[in-house]
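A note on names: the letters A, B, ... follow the listed sequences, proteins ahead of strands, and every chain is numbered from 1.
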Amino acid sequence: MHRVCEDCGSNDGYGWRVVEAEDRAMAEHTLVGQRVVRIDSLDKATGQSRCTADLTLPRMLHRRVLRSPHAHARILNIDTSKAERLCGVKAIRKAPMDDTPIMGRGSYMPKIDQTREWVSNPKGQQAGTFSFGAVVAEVEVDAETGQVRVSKVTGAHDCGFAINPMAVEGQLEGSVASGGVGATLLEEHYWDGGQMLNASMLDYKVPLSVDMPQITPIIVRNMDPRWPFGAKEAGLWGSMNMFQAIGNAIYDAVGVWIKDFPITPDKVLAALEERNKD
Amino acid sequence: MEKRLIQLSVNGDEYDVVITPNQTLLEVLRENLELTGVKEGCGEGACGTCTVLLDGKPVRSCLTLAVEAQAKQIETVEGLASDGELHPVQKAFIEHGAIQCGFCTPAMILTTKAFLEENPDPSEGEARRAISGVVCRCTGYAKIVAAMMATAGEL
């Protein structure tokens, strides 16, 4: 179970403390560190769990969006007087009718010295300790169409102590979908003056089961002495590393760097043409 | 719009429901029959989370009118377990950790059931293709496919 740490060498080094702390955590708790079934999965598998849209509470307000029954009609005026007289109607809102979307821009940066030493001064950090990960991606690039397919992903993640290894694996595999195939190859917002042009799942493509590679997640055992059960985080493994892994694999395959994400076929083809000119 | 009385057979039970003819099967299941195991994701047939079985075949209930489902057997995830005993597909999904946020789970389980009843011994590629109509945003599909392969041959 804690063989990973044995290579760390000296008895008073960090590796030894990992073994000790893991032993203690395992001895004190019967379920911590085991591949246990998540307690909420029974409700979810039988349709009993409730999402917010499934709830009906007493005195709860309900919202209905009414749209014009005429496709492409330009709405000049909406008469809401009838609706206002209905019993139980609390508020009516009309969407702007001059076709100008409401837009705003802003940014926020917390006042933290980014150059400070982070481990002893963690103020402002979302997580207590850094996690570390490494990813290897294998890709197939079709030089004629520019299509990239990720065929295999292997990666190791130091997530501290894995409280439920099965759940950790799920997080790692999930990040290959969202951060990996999704963000690196497929997903992009297209905007036109505050209007999102691909605001539907027909136009904004997220990875499907057939787009996903074979994934081998490796949990690197470690112990974070500062946090409950020694755990860190387990989601950013793929979200942070897949861009570089896939980008480098594409370079290895066809010899071009694509530095603009997502890496869509048109960008690959343009880069290949540019290279072939030289 | 004029209301209409229709009969629906859901999970083996007969229901008389008063609806307007433009109501989708999804709306009637969730709002009239309070079967909220069927979820509404995109509402335009792209994400597949509203999948239910109509005479054993997976359909998108957001693109199916309730009146079209008359005289057909409708199955939702709530009807899979019988006498407190989980369906093998449900059991495999739970045991393999194939459920994370749970929003796509009912659709994945129903699609798997329909697929494995038709193809009891699939390859992994066939299993992946079978669920390619349902979007999952958190599992990366790996454990879902593993649960499918583990149930293959059991149905």
Trainee: For B:Asp121, does the CG atom have more than 12 heavy-atom neighbours from other residues, nucleotides or ligands under 6.0 Å away?
Mentor: no
Trainee: Heavy-atom pairs under 4.5 Å with chain A - which of B:Ala98, B:Cys101, B:Cys136 has more of them than the others?
Mentor: B:Cys101
Trainee: Checking B:Ile109 against chain A: side chain, backbone, both or neither under 4.5 Å from a heavy atom?
Mentor: side chain
Trainee: Relative to chain A, which segment of B:Leu35 carries a heavy atom at a distance below 4.5 Å: side chain, backbone, both, or neither?
Mentor: neither
Trainee: Only counting residues at least two apart or in another chain, list the ones meeting side-chain hydrogen bond (donor to acceptor under 3.5 Å, both in side chains) with B:Asp16.
Mentor: B:Gln7
Trainee: Counting only heavy atoms not in A:Leu86, do more than 12 sit closer than 6.0 Å to its CG atom?
Mentor: yes
Trainee: Top residue by heavy-atom pair count (under 4.5 Å) with chain B, among A:Leu172, A:Val176, A:Leu42?
Mentor: A:Leu42
Trainee: For the interface with chain A, which of B:Cys42, B:Ala127, B:Gly37, B:Ala46 has the highest count of heavy-atom pairs at distances below 4.5 Å?
Mentor: B:Ala46
Trainee: Can you tell me which of A:Ala167, A:Pro207, A:Ala177 forms the most heavy-atom pairs within a distance under 4.5 Å of chain B?
Mentor: A:Pro207
Trainee: So for atom CE, which belongs to A:Met240, do other residues, nucleotides or ligands contribute more than 12 heavy atoms lying within a distance under 6.0 Å?
Mentor: no
Trainee: May I have a list of the donor-acceptor pairs under 3.5 Å that connect chain B with chain A?
Mentor:
from: B:Arg30; atom 1: NH1; to: A:Asp54; atom 2: OD1; distance (Å): 2.8
from: B:Arg30; atom 1: NH2; to: A:Ala53; atom 2: O; distance (Å): 3.1
from: B:Arg30; atom 1: NH2; to: A:Asp54; atom 2: OD1; distance (Å): 2.7
from: B:Glu31; atom 1: OE1; to: A:Arg64; atom 2: NH2; distance (Å): 3.4
from: B:Thr36; atom 1: OG1; to: A:Arg50; atom 2: NH1; distance (Å): 2.7
from: B:Lys39; atom 1: NZ; to: A:Asp54; atom 2: OD2; distance (Å): 2.5
from: B:Glu44; atom 1: OE2; to: A:Ser200; atom 2: OG; distance (Å): 3.1
from: B:Gln90; atom 1: NE2; to: A:Ala45; atom 2: O; distance (Å): 2.8
from: B:Gly97; atom 1: O; to: A:Arg38; atom 2: NH2; distance (Å): 3.3
from: B:Ile99; atom 1: O; to: A:Arg38; atom 2: NH2; distance (Å): 3.4
from: B:Gln100; atom 1: O; to: A:Lys44; atom 2: NZ; distance (Å): 2.7
from: B:Gln100; atom 1: NE2; to: A:Gly170; atom 2: O; distance (Å): 3.1
from: B:Cys101; atom 1: O; to: A:Lys44; atom 2: NZ; distance (Å): 3.3
from: B:Glu124; atom 1: OE2; to: A:Gln214; atom 2: NE2; distance (Å): 3.1
from: B:Arg128; atom 1: O; to: A:Ser209; atom 2: OG; distance (Å): 2.6
from: B:Arg128; atom 1: NH1; to: A:Ser209; atom 2: O; distance (Å): 2.9
from: B:Ser132; atom 1: N; to: A:Ser209; atom 2: OG; distance (Å): 3.4
from: B:Arg137; atom 1: NH1; to: A:Glu187; atom 2: OE2; distance (Å): 2.8
from: B:Arg137; atom 1: NH2; to: A:Glu187; atom 2: OE1; distance (Å): 2.6
from: B:Arg137; atom 1: NH2; to: A:Glu187; atom 2: OE2; distance (Å): 3.3
from: B:Tyr141; atom 1: OH; to: A:Pro207; atom 2: O; distance (Å): 2.7
from: B:Lys143; atom 1: NZ; to: A:Glu169; atom 2: OE1; distance (Å): 2.8
from: B:Lys143; atom 1: NZ; to: A:Glu173; atom 2: OE2; distance (Å): 3.3

Trainee: Looking only at non-hydrogen atoms, find the nearest pair between B:Ile99 and A:Ala45 and report the distance.
Mentor: CD1-CB, 3.7 Å
Trainee: Which bit of A:Pro213 comes within less than 4.5 Å of chain B, counting heavy atoms only: side chain, backbone, both or neither?
Mentor: backbone
